[in-house]
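Input: a single structure, listed below in C-alpha cells.
In the text below, chain A, chain B and the rest are named by the order of the sequence lines, each starting its count at 1. Predicted model, so just to flag it, every value in this text is computed and none were measured.
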Protein chains: 2
Amino acid sequence: MAIPTKKPDKKRRISESTIHRLSLYYRALTLLEKENYETVSSKELARREKLTPAQVRKDLSFFGSFGTRGLGYPVNELKNKIASILGIDRTWRVALVGVGNIGSALVSYKEFMKQGFQIVKLFDNDQRKIGSNHKGIIVSDINNLEKELKEAGIELVILAVPATVAQYIVDNVVKAGVKAILNFAPVNLRVPDDVYLRNENMSMELEYLSFALVNNLSQKRVNEG
Amino acid sequence: MAIPTKKPDKKRRISESTIHRLSLYYRALTLLEKENYETVSSKELARREKLTPAQVRKDLSFFGSFGTRGLGYPVNELKNKIASILGIDRTWRVALVGVGNIGSALVSYKEFMKQGFQIVKLFDNDQRKIGSNHKGIIVSDINNLEKELKEAGIELVILAVPATVAQYIVDNVVKAGVKAILNFAPVNLRVPDDVYLRNENMSMELEYLSFALVNNLSQKRVNEG
DNA sequence: AATGCCATGTGAAATGGTTCACAAAACAGT
DNA sequence: ACTGTTTTGTGAACCATTTCACATGGCATT
Ligand SMILES: NC(=O)c1ccc[n+]([C@@H]2O[C@H](COP(=O)([O-])OP(=O)(O)OC[C@H]3O[C@@H](n4cnc5c(N)ncnc54)[C@H](O)[C@@H]3O)[C@@H](O)[C@H]2O)c1
Ligand SMILES: NC(=O)c1ccc[n+]([C@@H]2O[C@H](COP(=O)([O-])OP(=O)(O)OC[C@H]3O[C@@H](n4cnc5c(N)ncnc54)[C@H](O)[C@@H]3O)[C@@H](O)[C@H]2O)c1
C-alpha cells in the first residue's frame with residue numbers, strides 16, 4: 001500500500017470570490033506598505049476590507065502559508081506574493097477599442113498602468129478620431145484591427161464601443177488571437193471557450209441599489225468590491 | 001391546531017446573484033420585445049444570457065408565478081414585473097460628484113436615464129468647472145453639497161472623485177440623508193448600516209482576467225455580468 | 001371531451017462557499 | 001529553558017445557492 005503524500009496532486013479550484021478578494025487584499029496591502037507597516041494580522045486586513053479574519057486566512061491558505069503564527073503576515077512579502085498570483089507582477093499589453101466617452105476616460109486613467117495594464121493601442125472607426133493623439137497614443141483605424149493587434153502583441157482588449165457593434169468587434173479581436181477581453185457594452189457577447197470575457201455592467205449596480213431602496217434590504221454587506 | 005397557510009409569512013431572503021440576474025433578464029426581455037416576441041421560455045431566456053433554464057425559473061419563482069405551463073413567459077408583462085421588482089418602473093433623482101474623466105462620461109450616458117436614473121445635479125470643487133454646463137446641468141460648488149442634495153430631493157449619489165477625498169464626501173452625502181451610493185473610487189468607504197453602498201471596481205475585473213491568463217483557468221463561465 | 005405535448009413551478013439533492021474552533025507554531029519575557 | 005500569549009492554518013460543520021427531476025397545469029388538435 002502506497003503511503004499517501006500530503007497533497008496528492010490535488011486540483012484546487014479557486015472561486016471567483018476568492019480572486020476578487022485577493023484584489024482587495026492587494027489594495028489594502030499597498031496602503032499598509034505606504035503606512036510603513038511591517039506585518040499585518042488577518043484581523044486587521046479583514047477590518048480594512050470589511051471581511052472576516054477566517055475568510056482572509058482561508059483565501060490565502062489556498063495558495064500557501066505566508067504568515068507567521070503569533071505575528072501575522074509580512075506586508076511587503078504578501079503583497080508581492082499576491083501580485084504574482086494575480087499575474088500583475090508584470091506588464092500586460094492592452095488595446096482599447098472605442099475612444100468615446102468612457103474610452104477616453106479609461107485612457108487617461110493612470111492607475112491601470114501602475115497595476116501593470118499598459119494601454120498601448122487605440123482603435124476607432126470615426127475619421128475625426130483616427131490619427132488623433134490621446135495621451136501619446138495615435139488612434140488607429142478599426143479596419144487594421146486584426147493586423148495591428150498581432151503586430152503590437154496585444155494580450156488584453158478593452159471594449160468601449162456601442163452595444164450594436166460589440167459582437168462584430170469581438171469576433172475580430174478573437175481572430176487576432178487575443179484571449180482576454182473586458183467589455184463595457186451592455187450585451188452578452190459570444191466568445192470561444194478559450195477566451196476570457198468579463199463584463200463591466202454599471203446598470204447592474206444601479207439597479208441593485210434601486211432594488212435595495214424599494215425593498216428596504218437589511219444591510220449586512222451590500223458589496224465586497 | 002391551526003391549519004397552516006401555504007406561505008406563513010415566510011421571510012424570503014433574495015440573494016445578490018438573483019438580483020443581478022434579474023438585471024440580465026430585464027435586458028434580454030427589452031431586446032425580445034424589440035424583436036416582437038410575445039412569449040419566451042426559460043430555455044430561450046437562459047440561452048441569451050448564458051444561464052440555465054432551471055436557474056431562470058427558480059429566480060422568477062421567488063417573486064411569483066409569471067409564466068404559463070407549456071407556453072413560457074409573456075415578454076412584455078414579465079419585463080414590467082421585473083422593472084417593478086427592481087424599482088426601475090419609476091424615476092430616481094441622482095446626483096454625481098466629481099465631474100472629471102469618468103464623471104463626464106457618465107453624465108453623457110443616455111442609457112441611465114432610460115433606465116430611470118436621472119442625473120439632475122453635478123458637484124465639483126474645481127473653480128473652472130463650477131458654473132459650467134454639462135448636458136444642460138450647471139455644476140454646483142461642493143461646498144453647497146448637503147444643502148443642495150436636500151433641496152433637490154436626491155435619492156442616489158454617484159461618486160467619481162479621487163480616492164483621497166471619497167470618505168470625506170461620503171460623510172457629507174450621508175448627512176444629507178441620501179441612502180444609496182455608487183462609488184467609483186478604489187477605496188473601502190464607511191457608511192452607516194442604513195445606507196446602501198456599491199462599488200464599481202474596474203481594476204478587479206482586469207486583475208481577474210490577468211489571473212485567468214496566467215493560470216489557464218478552465219473556462220466554464222467566467223462572468224455573468 | 002379526450003389525448004398528447006410542452007414548459008412551468010418547486011421540493012429535494014447536490015454542490016459550493018463561509019464560518020467555526022482548535023491544534024500548532026512562533027515570539028517575548030522571565 | 002520554560003511559560004504565556006498571540007495568531008496562523010485548516011479540517012469539519014454549517015449555511016447558501018444551484019441543479020435535478022417530476023408532478024402539475026394549460027394549450028392545441030382531433
Ligand atoms: N459612457 C458611459 O458612462 C457608459 C457607461 C456604461 C456603459 N457604457 C457602454 O460603453 C460603450 C461606449 O459608451 P460611450 O458612452 O463611450 O459611447 P461613445 O459613443 O461616446 O463611444 C463609442 C466610441 O466607439 C466608436 N465606434 C463606433 N463604432 C465603432 C466601430 N465599428 N469600430 C470602432 N469604433 C467604433 C465611436 O466612434 C466612439 O468613439 C457603450 O456600449 C455603452 O453602452 C458607457
Ligand atoms: N478614469 C477612469 O477610467 C477610472 C477608472 C476606474 C476608477 N476611477 C476612479 O474614479 C475616480 C475619478 O477618476 P477620474 O479619472 O475621473 O479623475 P479626475 O481627476 O478626472 O476627476 C475627479 C474629479 O473630482 C473633482 N474633485 C476633486 N476633489 C474634489 C472634492 N473635494 N469635491 C468635489 N470634487 C472634487 C475634480 O475636480 C475632478 O473633476 C477616482 O477615484 C478614480 O480612481 C477612474
Side-chain angles (χ1 to χ4, degrees), chain A residues 4 6-8 10-22 24-25 32 37-75 77-78 81-82 217-218 220-221 223-224, chain B residues 4 6-8 10-22 24-25 29 32 37-75 77-78 81-82 217-218 220-224:
Chain A
K6 215 176 178 188
K7 283 192 179 180
K10 195 171 150 197
K11 253 280 149 57
R12 59 239 163 95
R13 172 158 287 115
I14 308 295
S15 78
E16 173 170 330
S17 335
T18 293
I19 302 308
H20 279 339
R21 284 191 298 268
L22 286 188
L24 299 183
Y25 304 148
L32 284 160
Y37 281 72
E38 293 273 306
T39 58
V40 64
S41 64
S42 59
K43 194 175 161 197
E44 171 66 8
L45 212 39
R47 192 190 60 75
R48 290 188 172 226
E49 294 294 343
K50 286 206 207 90
L51 302 165
T52 66
Q55 182 90 82
V56 173
R57 295 200 300 277
K58 181 61 102 178
D59 282 340
L60 296 176
S61 79
F62 292 136
F63 302 97
S65 300
F66 310 120
T68 305
R69 289 164 195 231
L71 244 195
Y73 300 91
V75 170
E77 221 171 280
L78 182 59
K81 189 67 202 179
I82 292 179
L217 273 201
S218 80
K220 287 186 71 178
R221 183 167 26 82
N223 190 5
E224 66 192 13
Chain B
K6 217 175 177 188
K7 284 192 177 178
K10 194 172 153 195
K11 253 280 150 56
R12 60 240 162 97
R13 171 157 288 115
I14 307 296
S15 77
E16 172 170 333
S17 336
T18 293
I19 302 309
H20 279 338
R21 283 191 298 268
L22 286 188
L24 299 182
Y25 304 147
L29 289 163
L32 283 160
Y37 281 73
E38 293 273 304
T39 58
V40 64
S41 65
S42 59
K43 195 176 162 197
E44 171 65 8
L45 212 40
R47 192 191 61 74
R48 291 190 172 225
E49 294 293 343
K50 286 207 206 88
L51 302 165
T52 65
Q55 180 92 83
V56 172
R57 294 201 300 277
K58 182 60 99 178
D59 282 340
L60 295 177
S61 79
F62 292 136
F63 302 96
S65 301
F66 311 121
T68 306
R69 290 163 195 231
L71 245 195
Y73 301 91
V75 170
E77 221 172 281
L78 182 59
K81 187 70 201 177
I82 291 179
L217 273 202
S218 81
K220 287 186 69 180
R221 183 167 27 82
V222 161
N223 188 5
E224 65 192 13

Of all heavy-atom pairs between A/Pro53 and A/Ala46, which one has the smallest distance, and what is that distance?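 For A/Pro53 and A/Ala46, the tightest heavy-atom pair comes out as N-CB, 3.5 Å.
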
Figure out the [atom1]/[atom2] separation between [X] and [N], and round it to whole Å.
| X | N | atom1 | atom2 | answer |
| --- | --- | --- | --- | --- |
| B/Leu60 | C/dA7 | CG | P | 16 Å |
| B/Arg13 | D/dC15 | CZ | P | 13 Å |
| A/Glu38 | C/dC27 | CD | C1' | 16 Å |
| A/Phe62 | D/dT10 | CZ | C1' | 10 Å |
| B/Leu51 | D/dT19 | CG | C1' | 13 Å |
| A/Lys81 | D/dT8 | NZ | C1' | 17 Å |
| B/Phe66 | C/dT8 | CZ | P | 14 Å |
| B/Glu16 | C/dG16 | CD | P | 20 Å |

Residues passing the side chain to side chain contact (heavy atoms under 4.5 Å, CB included) test with B/Ser65, sequence neighbours excluded, are none

By side chain to side chain contact (heavy atoms under 4.5 Å, CB included), B/Thr52 pairs with (sequence neighbours left out) B/Ala54, B/Gln55

Per atom distances to the A/Tyr73 side chain, the nearest of C/dT19, D/dG9, D/dT18 is D/dG9

Among the candidates C/dT8, D/dG9, D/dT7, find the nucleotide nearest to the side-chain atoms of A/Ser61.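 The listed nucleotide nearest to A/Ser61's side chain is D/dG9.
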
Under 4.0 angstrom between [X] side-chain N/O and [N] OP1 or OP2:
| X | N | answer |
| --- | --- | --- |
| A/Ser42 | D/dT8 | yes |
| B/Gln55 | D/dT17 | no |
| B/Thr52 | D/dT19 | yes |

Exercise for the section: Kindly calculate the angle separating the two end axes of the helix from C/dA1-D/dT30 to C/dT30-D/dA1, each obtained from five base pairs, and round it to 10 degrees. Expected result: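 The end-segment axes of the helix from C/dA1-D/dT30 to C/dT30-D/dA1 are tilted 20° relative to each other.
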
Those residues at least two apart in sequence (or on a different chain) that pass side chain to side chain donor-acceptor pair (under 3.5 Å) with B/Arg69 are none

Please report the interatomic distance [atom1]([X]) to [atom2]([Y]), rounded to the nearest 0.5 Å.
| X | Y | atom1 | atom2 | result |
| --- | --- | --- | --- | --- |
| A/Leu78 | A/Tyr25 | CG | OH | 10.0 Å |
| A/Leu51 | A/Ser42 | CG | OG | 11.0 Å |
| B/His20 | B/Asp59 | NE2 | CG | 12.5 Å |
| B/Phe63 | B/Leu22 | CZ | CG | 5.0 Å |
| B/Leu24 | B/Lys50 | CG | NZ | 10.5 Å |

Across all chains, not counting sequence neighbours, the salt bridge (charged side-chain N to carboxylate O under 4.0 Å, His left out) partners of A/Arg48 are A/Glu35, A/Glu44

### Query
Considering heavy-atom distances to DNA chain C, does B/Pro53 or A/Asp59 have its closest nucleotide positioned more toward the 5' end?
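The residue mapped nearer the 5' terminus is B/Pro53.
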
Any protein N or O atoms within reach of nucleotides 20-30 of chain D? Criterion: under 3.5 Å, listing atom names and distances.
residue: D/dA21; atom: N6; partner: B/Arg57; partner atom: NH2; Å: 3.4
residue: D/dT24; atom: O2; partner: B/Arg69; partner atom: NH1; Å: 2.4

Have a look at B/Thr18 and say if it touches a base, only the backbone sugar-phosphate, or nothing, with a 4.0 Å heavy-atom cut-off.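 If one applies the 4.0 Å heavy-atom cut-off, B/Thr18 turns out to touch nothing in the nucleic acid.
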
